[in-house]
Amino acid sequence: MFHCDCCLTPDAKKLKEVAKRTPFTFSELLRLSTKFTELDEDGSGTLSTQELCTLPELRANPFGPRMCLLFSETGCGQLTFFQFINMMGIFCERTSLELKTIWAFAIWDFDGDDILSPEDIKEGLRLITTSSANQNHSHHSNDPSLTGGVSDSEASFASSRSKTSMLSSTRKAKQETALDPRDVDMVVERIFHEVDPMDAGLTFTDFQSVISRMPDFLENFRMTA
């Protein structure tokens, strides 16, 4: 991905150089530059978590704040223009499956130990179901352009071959209320019984194997530039 120390949006000449090193065309980068400026309400040249999560694709997405932390690189939650481009690049439809999988794994690896443990999955399910319950209470719904990418599709990785039944449970929870802690424990136990019978946690290789059985992953793990 592209890296630069600049905080402010570049001029057209710079954008043309950036276009050579990102999945975006020059016209897409121009749109992203305009979008960045619109989101930067305080004119600081960086996007706070609150500002970034006003994006329609992230507004109702439980993983929005998590992505802000990851793509800020230092964990500060403030994105420069180029970090914003990097984030949007991951969700570009032209980005490779391998790169998307790396970041999907990172999003679920809450403790950063390069292993997806039961606690990581519990935290992800808590975010998904709590957020969805709050949205239903307020009569809001997720934006469809990323719902599959960072909630339904990422939730479904955990079910592997039993993905249909597990997704059904998760979606039912979304429609009604947050999962009870005992229900979360039961879901996670079923997940790890299926994909991690040795109880060692899911490595990135394990995660790749599960993603390979998800034909809709690339289609759903995206945002529009």
Please report the shortest heavy-atom distance between [X] and [Y], naming the atom on each side.
| X | Y | answer |
| --- | --- | --- |
| G64 | C53 | C-SG, 3.8 Å |
| C68 | L79 | O-CD2, 3.7 Å |
| S72 | C76 | OG-N, 3.3 Å |
| K122 | V184 | CG-CG1, 3.6 Å |
| L55 | F84 | CD1-CE1, 4.2 Å |
| T54 | R59 | O-NH2, 2.7 Å |

_Please determine whether side chain to side chain contact (heavy atoms under 4.5 Å, CB included) holds for the pair E119 and V188, giving the CA-CA distance in whole Å, both sets of side-chain angles, and the decisive distance to 0.1 Å._
CA-CA 9 Å; E119 291 305 314; V188 172; over 6 Å; no

Keeping the roles fixed (side chain from [X], backbone from [Y]), state whether a donor-acceptor pair exists under 3.5 Å.
| X | Y | answer |
| --- | --- | --- |
| R66 | I107 | yes |
| S33 | L29 | no |
| E194 | I191 | no |
| T95 | F91 | no |

*Can you say whether the rings of F105 and F207 are parallel (under 30°), tilted (30 to 60°) or perpendicular (over 60°)?*
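F105 vs F207 ring planes: perpendicular.
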
_Parallel, tilted or perpendicular, as decided by the 30° and 60° cut-offs, for the rings of F36 and F81_ =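 Perpendicular: the ring planes of F81 and F36 meet at over 60°.
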
*Mind jotting down which residue pairs meet the salt bridge (charged side-chain N to carboxylate O under 4.0 Å, His left out) criterion with at least one end in residues 96-110? Sequence neighbours excluded, please.*
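Checked against salt bridge (charged side-chain N to carboxylate O under 4.0 Å, His left out) - neighbours excluded - no pair reaches residues 96-110.
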
*So which pairs with a foot in residues 24-48 pass salt bridge (charged side-chain N to carboxylate O under 4.0 Å, His left out), sequence neighbours left out?*
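Matches after skipping sequence neighbours: E28-R94.
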
*Do I85 and L69 sit in the same hydrophobic cluster, where Ile, Leu, Val, Met, Phe, Trp and Tyr count as joined when their side-chain heavy atoms come under 4.5 Å apart?*
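As far as the 4.5 Å side-chain criterion goes, L69 and I85 are not connected within one cluster.
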
Set of side chain to side chain contact (heavy atoms under 4.5 Å, CB included) partners for [X], sequence neighbours left out:
| X | answer |
| --- | --- |
| S48 | Q50, E51, Q78 |
| I115 | D113, T203 |
| L30 | L15, F26 |
| E123 | F110, R126, L127 |

*Short N-O contact, E17 and K20, less than 4.0 angstrom*: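 Looking at E17 and K20, the cut-off is met.
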
*With side chain to side chain contact (heavy atoms under 4.5 Å, CB included) as the test, would you mind laying out the steps for D120 and L202 before giving the verdict?*
CA-CA 10 Å; D120 289 321; L202 299 181; over 6 Å; no

From [X] atom [atom1] to [Y] atom [atom2], the distance as rounded to the nearest 0.5 Å:
| X | Y | atom1 | atom2 | result |
| --- | --- | --- | --- | --- |
| F217 | S212 | CZ | OG | 11.5 Å |
| L39 | T46 | CG | OG1 | 11.5 Å |
| E57 | R222 | CD | CZ | 9.5 Å |

_Verdict with reasoning, F71 to W103, per ring pair (Phe, Tyr, Trp, His ring centres under 6.0 Å)_ = CA-CA 10 Å; F71 285 96; W103 281 96; 4.1 Å; yes

*Any side-chain heavy-atom pair of M87 and L52 under 4.5 Å*: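 Yes - at least one pair of side-chain heavy atoms lies under 4.5 Å apart.
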
*asked:* Any non-hydrogen side-chain atom of F204 less than 4.5 Å from a side-chain atom of L116?
replied: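 No. Closest side-chain heavy atoms not under 4.5 Å.
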
*Scan side-chain atoms only and decide if S27 and T25 contain a donor-acceptor pair under the 3.5 Å cut-off.*
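Their side chains do contain a donor-acceptor pair, which is all the 3.5 Å distance test asks for.
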
*Evaluate the criterion side chain to side chain contact (heavy atoms under 4.5 Å, CB included) for residue pair L58 and F63; output intermediate values, then yes/no.*
CA-CA 8 Å; L58 296 182; F63 289 88; over 6 Å; no

